[in-house]
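Notes to accompany the following structure.
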Amino acid sequence: MEIYQFLIKKKFFTKEEAAQLKKEAGETGKTPEEIIAAKDVLREAEFFRWKSEMLSIPFHKDLPDDIPHDILSIIPRESADFYKIMPLGIKSDDNILEVGMVYPENPQAQEALKFLVRQQKLVPRVYLITLSDFKKGFGKYQAVEREVKQALESLEKDVFLEDKRTTRANKGEFDRLVEEAPTIKIVSVILRQAVEGKASDIHIEPARDSLRVRYRLDGVLYPSLILPLQVHPAVVGRIKILSRLKIDETRLPQDGRFSAKIEQKLIDFRVSTLPTALGEKVVLRVLDASSGAKTLKELGLSGRNYDLMERAAQLPYKMILVTGPTGSGKSTTLYSMLHLMNSDEVNIITLEDPVEYFIQGVNQSQVNPDIGYTFANGLRQILRQDPDIIMVGEIRDEETASLAVHAALTGHLVLSSLHTNSAVGAVPRLMDMGIKSFLLAPTLSTVLSQRLVRILCPVCRKKVELTGELKKYVLDKVEHLPLAEKEQLKIETPLTVFQSVGCKKCNNTGYSGRMGIFEVFEMNENMARLILDKAGEHEIFLEARKQGMITMEEDGVLKVLRGITSLEEVMSTTSED
């Protein structure tokens, strides 16, 4: 049954209206969908609802507010326009690509879709969308490409590259090109997309025949833009000018920073360049200077963990350490501690590499090893500045560790970070750096270790019942919790948790933002005695458990039971420990 007959039967059209529509379509070469959309959008939506019923294909009423560029790139712009098809999102768990189609009854469109998704090893799930919605979505599809394309067209007028990787233009001409409007526009689009998409990092990396731009969102890298390789020197040059780096130095790594106002917010960009075999790679850390530091509770600290860190912040002296691998949020936690301690009555001085966020009222100094201004040398100098609280960004060597310990022994509160896999691992790590046990026991106050897990999207998360091995895993972790934590926990039957799904609000990732999972122990008499006796890490861990310490894995499971994150996220984050 053709669509006209079906809609006559459903009394959407009279026979006369259907005949007139069919005649107009034949005369103009337009489809019924195009004619109705041009006349009446409300009638168009009703038309597509009936079409959905006829074809037995679900009708997608609202397109996502924002479709990531890496999703759009699955279906090339030309194919999307020709067949009126649009990718809406990916269900990553099942490798399912959700696709909106205006004409799913078109066999050529279906074949083209199958071919395109087969290349990406995806399975299509088709939804019917209105022509008006497709046009709106296609506008978003083109938005970034249009801006970049216009800039690229302008750049093509200036032939500044003969070789694909090295500029042949003279220095004066190259300097002019990196300051011209097209280059500025391309860099502006890259920065704005990162801020709008709430990315934490931007990766600009040359390949053999293109320049790739990727964004890190909630700890995961996503491809975004593919640019011609010819623009690479100009784009990198523009970023170097913004961050005051040497534009003609391409053989050595460089670090810098700059600020820009985007979406009425002041954003800091921390820049790092690295020479590679194919050219300079640039990574920019995106720091929202207007957002301010998060509180300890906003970071995910709760219960005993929060109480211990709040108590540590009130100490007049001693050492507080935050441990974990690179990218686990140690600096953010240290900044939150500084905000808790910051007042007019104390002198706070920091040594950082580099300074990430500027804090009003805190004296922040950035180390520069190239000129001999290291953590150790800087620490010697700031001890002459009459500090009350000292933050050393990272203890990397024996000299810095020794100076930090002695600063804590002489009446200063010292905060720093270490690279260890666990909280109790900080003790043997410091001893390996040459710190004597009789100095460590009276100096060390509190050690926090952390990892980051993604937070479930509150809009689309789905409750599921746990069974089998996963249920056994959760109940085992609950069983081994310290008594105080176990008494506060209520386990329902059946045992349910939330899992990720994906929707337009979270760009179909199922997650929105990140939070820490933690383990914290503090020094007491028994712990000090073990350290003085040079006890092993396992014995120190058992004493920490007697204190009531919960492990990061257990803290993650507690957050799973509260619906904050997923079990899969916690297991993948803590499995290496």
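- By the ring-ring contact (aromatic ring centres under 6.0 Å, His included) test, Phe269 is found to be paired with Phe258, residues two or more places apart in sequence or in another chain being considered.
- Not a single donor-acceptor pair under 3.5 Å links the side chain of Ser210 to the backbone N or O of Leu229.
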(request) Carefully, step by step, assess Glu394 and Lys330 under the rule salt bridge (Lys or Arg N to Asp or Glu O under 4.0 Å). (result) CA-CA 10 Å; Glu394 184 182 341; Lys330 299 187 297 296; over 6 Å; no
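- Annotation: Lys486, atom NZ; neighbour count of heavy atoms from other residues, nucleotides and ligands within 6.0 Å is above 12.
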(message) Set out, in order, the CA-CA distance, both residues' side-chain angles and the distance that settles salt bridge (Lys or Arg N to Asp or Glu O under 4.0 Å) for Arg285 and Asp201, then state yes or no.
(response) CA-CA 4 Å; Arg285 170 65 56 86; Asp201 300 88; 2.7 Å; yes
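- In the model, Glu352 has a side-chain atom that pairs as donor or acceptor with a side-chain atom of Gln364 under 3.5 Å.
- Met101 and Ala109 make their closest contact through CE-CB, 3.7 Å (heavy atoms, listed as atom of the first residue, atom of the second, distance).
- In terms of the salt bridge (charged side-chain N to carboxylate O under 4.0 Å, His left out) criterion, residue partners of Asp353 (sequence neighbours excluded) are, by chain and number, Arg396.
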(request) Begin from the C-alpha positions of Tyr357 and Tyr335 and carry the test ring-ring contact (aromatic ring centres under 6.0 Å, His included) through to its verdict. (result) CA-CA 8 Å; Tyr357 290 99; Tyr335 280 123; 5.8 Å; yes
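- Applying the ring-ring contact (aromatic ring centres under 6.0 Å, His included) test to His203 and every residue at least two apart in sequence or in another chain returns nothing.
- Nearest approach of Gly300 to Phe518, heavy atoms of both residues: C-CE1, 3.6 Å.
- When the options Arg451, Met552, Arg429 are evaluated for a side chain to side chain contact (heavy atoms under 4.5 Å, CB included) with Asn421, the one that passes is Arg451.
- Cation-pi check for Arg49 over Phe59 is not met; the charged atom does not lie both under 6.0 angstrom from the ring centroid and within 45 degrees of its normal.
- Between the side chains of Glu44 and Ser132, at least one donor N or O lies within less than 3.5 Å of an accepting N or O.
- Every residue two or more places apart in sequence or in another chain was checked for a ring-ring contact (aromatic ring centres under 6.0 Å, His included) with Phe48, and none qualifies.
- Taking 4.0 Å as the cut-off between side-chain N and carboxylate O, Lys471 and Glu465 do not count as a salt-bridged pair.
- Remark: Glu554 does not engage Lys477 in a salt bridge, criterion side-chain N to carboxylate O under 4.0 Å.
- Of all the heavy atoms in Thr420 and Ser422, the pair that sits closest is OG1-O, 2.9 Å.
- By the 4.0 Å N-to-carboxylate-O rule, Arg514 lies too far from Glu569 to be salt-bridged with it.
- Checking Thr333 against Gln450 by side-chain atom types alone, a donor-acceptor pair falls below 3.5 Å.
- Side-chain contact, Thr551 with Glu553: no donor N or O sits under 3.5 Å from an acceptor N or O.
- Residues forming a side-chain contact (heavy atoms from CB on, under 4.5 Å) with Ser512 (at least two apart in sequence, or on another chain): none.
- With sequence neighbours excluded, no residue forms a ring-ring contact (aromatic ring centres under 6.0 Å, His included) with Tyr306.
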